[in-house]
Peer 1: 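Below: one structure in structure tokens.
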Amino acid sequence: MAGESCLQTMKVYADYSHYHGKNRYFLNNIHKALWNDRSPEERDQVYGNWWRGFESVPNVSDADVVLLTNTWNYYLDHGLISQAEEEIRLAQQHKKKIVVFCGGDAPANLIQPNVILFEMGGYRSVQGLAYHSGIPFFLRDLLTIYCGGQLQFRTKPEVPVLGFCGQSDSSFLFNIFRKTRNLYQKLLYRLGLRKWQPPPFETVSFRRRVLHQFEGSGLVKTNFRLRRQYHAGNNRDKSDFSPQRLDFIQNILNSDYTVCIRGGGNFSIRFYETLSLGKIPIFVDTDCLLPFPDKIPYQQIFPWINVEDLPRAAEIVADFHSRLSNQDFIHLQRMCRQLWEEHFTPNGFYKDFQEKVYEII
């Protein structure tokens, strides 16, 4: 079915007997929109209009593709892997591909040649799947919330200003604690006593190491706001206009580039926030799995730094910046916003999803 238009309605099947209302949180997002008592207009408000391109069918034989009923997280957390494997076998028996979604920080670690896997915290180098893609972190439109929907263009300076506002600093004792905890979590995982794979290294000190590559280089200016705790330690007020949130947003708006580094999961929410605001990310790649990596030429759009190139990070960014004219620099900001609108909003992502699935099946 390769090459079929994504404008047609995609018929999807999931096993309704594996869905329980009390666990609706885990239901895959497509069926969450389809198995719904809201009116079509209300669903447009809640989900966007992408859901209109899908139809849930009661018989697997009538489906274009099978969707695992719940996210992989549900089956792993509830000890129901055998139930997920049953759905995967059903798809195979009917010669259908099955799409699996996995959210959260940890990778699914699911290797099945019939599976199309979309996950948040995956690793790009994983092999053995029909297809493997990241899932964007879906945001409300930050440009509308904070800038009235108007792009705030920065003109090109001779020396670029690099921003970062977030958890990346802690005391010596806290660093020791976090590294020890990470080692303990990895041991539990290897022994089969932990369900989800922990990060391969302690991530807060890694962030600090990355940012240190830019400081004092003379090639870039830094606008770093280093916090010892997540959300500046204020977990009570997470409103759009809390002081710590405004500090974060202003840091992105008042910088030419924003350094985007993984956190507890192998992805960066800051990456999507930066693009939503029409600003340019510096992407630090730790084998990250971005959405549709075979379709979107990320490394050609913004500065991209592989982990092994960290000692040259400032040089890579300075060289990228030097090759831009002022017009190029302004155009790139507009292009980053367009990237978010076209690919990382729900409407954009599920359009890409349909195109890719039709290409595969």
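Everything numeric in this text was worked out from a predicted model, so none of it was measured. The residues of the chain are indexed from 1 along the displayed sequence.
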Peer 1: Given 3.5 Å as the limit, does a donor-acceptor pair link the side chain of Gln45 with the main chain of Glu41, or not?
Peer 2: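 A pair under 3.5 Å: no.
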
Peer 1: Show the numbers, then the answer: is there a side-chain contact (heavy atoms from CB on, under 4.5 Å) between Phe302 and Ile282?
Peer 2: CA-CA 6 Å; Phe302 41 74; Ile282 296 169; over 6 Å; no

Peer 1: Using only atom types and a distance under 3.5 Å, with no angle test, would you say the side chain of Ser242 pairs donor to acceptor with the backbone of Lys238?
Peer 2: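 The answer is no, because no donor-acceptor pair under 3.5 Å joins these two groups.
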
Peer 1: Can you give each donor-acceptor pair under 3.5 Å made by side-chain atoms of residues 188-204, sequence neighbours left out, with the distance rounded to 0.1 Å?
Peer 2:
unit_1, atom_1, unit_2, atom_2, d
Tyr189, OH, Asn109, ND2, 2.9
Arg194, NE, Trp196, O, 2.8
Lys195, NZ, Leu76, O, 3.4
Lys195, NZ, Asp77, O, 2.8
Trp196, NE1, Asp77, OD1, 2.8
Gln197, OE1, Asn109, ND2, 2.8
Glu202, OE1, Val204, N, 3.4
Glu202, OE1, Ser205, N, 2.7
Glu202, OE1, Ser205, OG, 2.6
Glu202, OE2, Arg178, NE, 2.6
Glu202, OE2, Arg178, NH2, 3.3
Glu202, OE2, Val204, N, 2.9

Peer 1: Are Phe54 and Phe138 connected in the hydrophobic side-chain network, where two residues link if heavy atoms are under 4.5 Å apart?
Peer 2: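 Same cluster.
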
Peer 1: Over 60° means perpendicular and under 30° means parallel, so classify the ring planes of Phe344 and Tyr298, tilted if in between.
Peer 2: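 Parallel: the ring planes of Tyr298 and Phe344 meet at under 30°.
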
Peer 1: What residues form a salt bridge (charged side-chain N to carboxylate O under 4.0 Å, His left out) with Lys295, not counting sequence neighbours?
Peer 2: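 Here the qualifying residues are Asp352, Glu355.
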
Peer 1: Between Phe283 and Trp304, how do the two ring planes meet: parallel, tilted or perpendicular, split at 30° and 60°?
Peer 2: parallel

Peer 1: Please name all residues satisfying salt bridge (charged side-chain N to carboxylate O under 4.0 Å, His left out) with Lys356, sequence neighbours left out, ordered by chain then number.
Peer 2: Asp294, Glu359

Peer 1: Salt bridge (charged side-chain N to carboxylate O under 4.0 Å, His left out) with Arg52: which residues, sequence neighbours excluded?
Peer 2: Asp44

Peer 1: Which pairs, with at least one residue in residues 270-288 and sequence neighbours excluded, count as a salt bridge (charged side-chain N to carboxylate O under 4.0 Å, His left out)?
Peer 2: Arg124-Asp285, Arg245-Glu273

Peer 1: Give me the one residue out of Asn36, Asn347, Asn29 that meets side chain to side chain donor-acceptor pair (under 3.5 Å) with Tyr47.
Peer 2: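 When Asn36, Asn347, Asn29 are each tested with Tyr47, the side chain to side chain donor-acceptor pair (under 3.5 Å) holds only for Asn36.
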
Peer 1: Scan residues 126-151 for pairs that pass salt bridge (charged side-chain N to carboxylate O under 4.0 Å, His left out), counting only residues two or more places apart or in two chains.
Peer 2: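 For residues 126-151: Arg140-Asp240, Asp141-Arg337.
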
Peer 1: Donor-acceptor pair, Asn326 side chain versus Lys156 backbone, under 3.5 Å?
Peer 2: yes

Peer 1: State whether the number of non-hydrogen atoms from other residues, nucleotides or ligands found under 6.0 Å of Phe137 atom CZ is greater than 12.
Peer 2: no

Peer 1: Of all the heavy-atom pairs spanning Ile269 and Phe267, show the shortest one and how long it is.
Peer 2: CG1-CE1, 3.9 Å

Peer 1: Quick one: do Ile98 and Phe101 end up in the same hydrophobic cluster if we chain Ile, Leu, Val, Met, Phe, Trp and Tyr together by side-chain heavy atoms under 4.5 Å apart?
Peer 2: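 No, no single cluster joins them.
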
Peer 1: Do Val99 and Leu129 sit in the same hydrophobic cluster, where Ile, Leu, Val, Met, Phe, Trp and Tyr count as joined when their side-chain heavy atoms come under 4.5 Å apart?
Peer 2: no

Peer 1: Looking only at atom types and distance, does a side-chain atom of Tyr75 sit under 3.5 Å from a main-chain N or O of Asn70, one as donor and one as acceptor?
Peer 2: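 Side chain of Tyr75 to backbone of Asn70: a pair is present.
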
Peer 1: Between Phe241 and Leu246, is any pair of side-chain heavy atoms under 4.5 Å apart?
Peer 2: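 Sidechains of Leu246 and Phe241: in contact.
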
Peer 1: Scan side-chain atoms only and decide if Asn28 and His31 contain a donor-acceptor pair under the 3.5 Å cut-off.
Peer 2: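 Asn28 vs His31: donor-acceptor pair found between side chains.
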
Peer 1: Does any pair with a residue in residues 307-331 pass salt bridge (charged side-chain N to carboxylate O under 4.0 Å, His left out), and if so which ones, sequence neighbours excluded?
Peer 2: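 Sorted result for residues 307-331: Arg312-Glu315, Asp319-Arg323.
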
Peer 1: Can a donor-acceptor pair be found, under 3.5 Å and without considering hydrogens, that links the side chain of Gln112 to the backbone of Ile88?
Peer 2: no

Peer 1: Determine yes or no for a side-chain-to-main-chain donor-acceptor pair under 3.5 angstrom, with Arg262 supplying the side chain and Cys288 the backbone.
Peer 2: no

Peer 1: Gln127 and His132: side-chain donor and acceptor closer than 3.5 Å?
Peer 2: no

Peer 1: For His20, I'd like to know if atom NE2 has over 12 heavy atoms of other residues, nucleotides or ligands within 6.0 Å.
Peer 2: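 Counting other residues, nucleotides and ligands, NE2 of His20 exceeds 12 neighbours.
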
Peer 1: When you group the ILVMFWY residues by side-chain heavy-atom contacts below 4.5 Å and let the links chain together, are Ile316 and Phe206 in the same group?
Peer 2: yes

Peer 1: What do the steps show when you test His78 against Phe26 for ring-ring contact (aromatic ring centres under 6.0 Å, His included), and what is the final call?
Peer 2: CA-CA 11 Å; His78 292 81; Phe26 293 100; 5.5 Å; yes

Peer 1: If the condition is side chain to side chain donor-acceptor pair (under 3.5 Å), which residues does Arg225 pass it with, not counting sequence neighbours?
Peer 2: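 Arg225 satisfies side chain to side chain donor-acceptor pair (under 3.5 Å) with Asp247 once adjacent residues are dropped.
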
Peer 1: Under 3.5 Å, sequence neighbours excluded: what are the donor-acceptor pairs made by side chains of residues 216-224?
Peer 2:
unit_1, atom_1, unit_2, atom_2, d
Ser217, OG, Phe214, O, 3.2
Ser217, OG, Leu219, N, 3.1
Asn223, ND2, Ser255, OG, 3.1

Peer 1: For the pair Asn266 (side chain) and Pro107 (backbone), establish whether a donor and an acceptor sit closer than 3.5 Å, ignoring hydrogens and angles.
Peer 2: no

Peer 1: Does atom OH of Tyr25 have more than 12 heavy-atom neighbours, drawn from other residues, nucleotides or ligands, at distances under 6.0 Å?
Peer 2: no

Peer 1: Please answer whether the main-chain N or O of Lys96 pairs with a side-chain N or O of Asn114 as donor and acceptor at a distance below 3.5 Å.
Peer 2: yes

Peer 1: Nearest heavy-atom pair of Gly104 and Asn73: which atoms, and what distance?
Peer 2: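 Closest heavy-atom pair between Gly104 and Asn73: N-ND2, 4.3 Å.
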
Peer 1: Taking the side chain as everything from C-beta on, heavy atoms only, tell me whether His212 gets closer than 4.5 Å to Arg209.
Peer 2: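 His212 vs Arg209: side chains apart.
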
Peer 1: Of all the heavy-atom pairs spanning Ala14 and Leu67, show the shortest one and how long it is.
Peer 2: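 For Ala14 and Leu67, the tightest heavy-atom pair comes out as CB-O, 3.5 Å.
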
Peer 1: With ring-ring contact (aromatic ring centres under 6.0 Å, His included) as the test, would you mind laying out the steps for Trp50 and Phe353 before giving the verdict?
Peer 2: CA-CA 10 Å; Trp50 59 265; Phe353 173 91; 8.9 Å; no

Peer 1: Using every non-hydrogen atom in the two residues, find where Arg24 and Lys32 come nearest and quote the distance to one decimal.
Peer 2: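 For Arg24 and Lys32, the tightest heavy-atom pair comes out as NH2-O, 2.5 Å.
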
Peer 1: Which heavy atom in Pro157 sits nearest to a heavy atom in His321, and how many Å separate them?
Peer 2: O-NE2, 2.8 Å

Peer 1: Only one of Leu110, Leu289, Ile111 forms a side-chain contact (heavy atoms from CB on, under 4.5 Å) with Val126, so which one is it?
Peer 2: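 Exactly one candidate clears the test, Ile111.
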
Peer 1: Just checking Phe292 against Phe118, ring centres under 6.0 Å apart?
Peer 2: yes

Peer 1: Where the side chain of Arg227 meets the backbone of Gln244, is there a donor-acceptor pair that is under 3.5 Å apart?
Peer 2: yes

Peer 1: Please report the shortest heavy-atom distance between Lys97 and Val65, naming the atom on each side.
Peer 2: O-CG2, 3.2 Å

Peer 1: If Ile, Leu, Val, Met, Phe, Trp and Tyr residues are connected whenever their side-chain heavy atoms lie under 4.5 Å apart, and connections chain through other members, are Leu339 and Ile280 in the same group?
Peer 2: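 Linked, Leu339 and Ile280 end up in one cluster.
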
Peer 1: Please name all residues satisfying salt bridge (charged side-chain N to carboxylate O under 4.0 Å, His left out) with Glu215, sequence neighbours left out, ordered by chain then number.
Peer 2: Arg208

Peer 1: Could you note down all residue pairs passing salt bridge (charged side-chain N to carboxylate O under 4.0 Å, His left out) where residues 249-261 supplies at least one of them, sequence neighbours left out?
Peer 2: Arg154-Asp256

Peer 1: Sequence neighbours left out, what passes side chain to side chain donor-acceptor pair (under 3.5 Å) with Asn251? Give chain and number order.
Peer 2: none

Peer 1: Tell me if a side-chain donor or acceptor on Ser276 pairs with a main-chain N or O of Tyr272 at a distance below 3.5 Å.
Peer 2: no

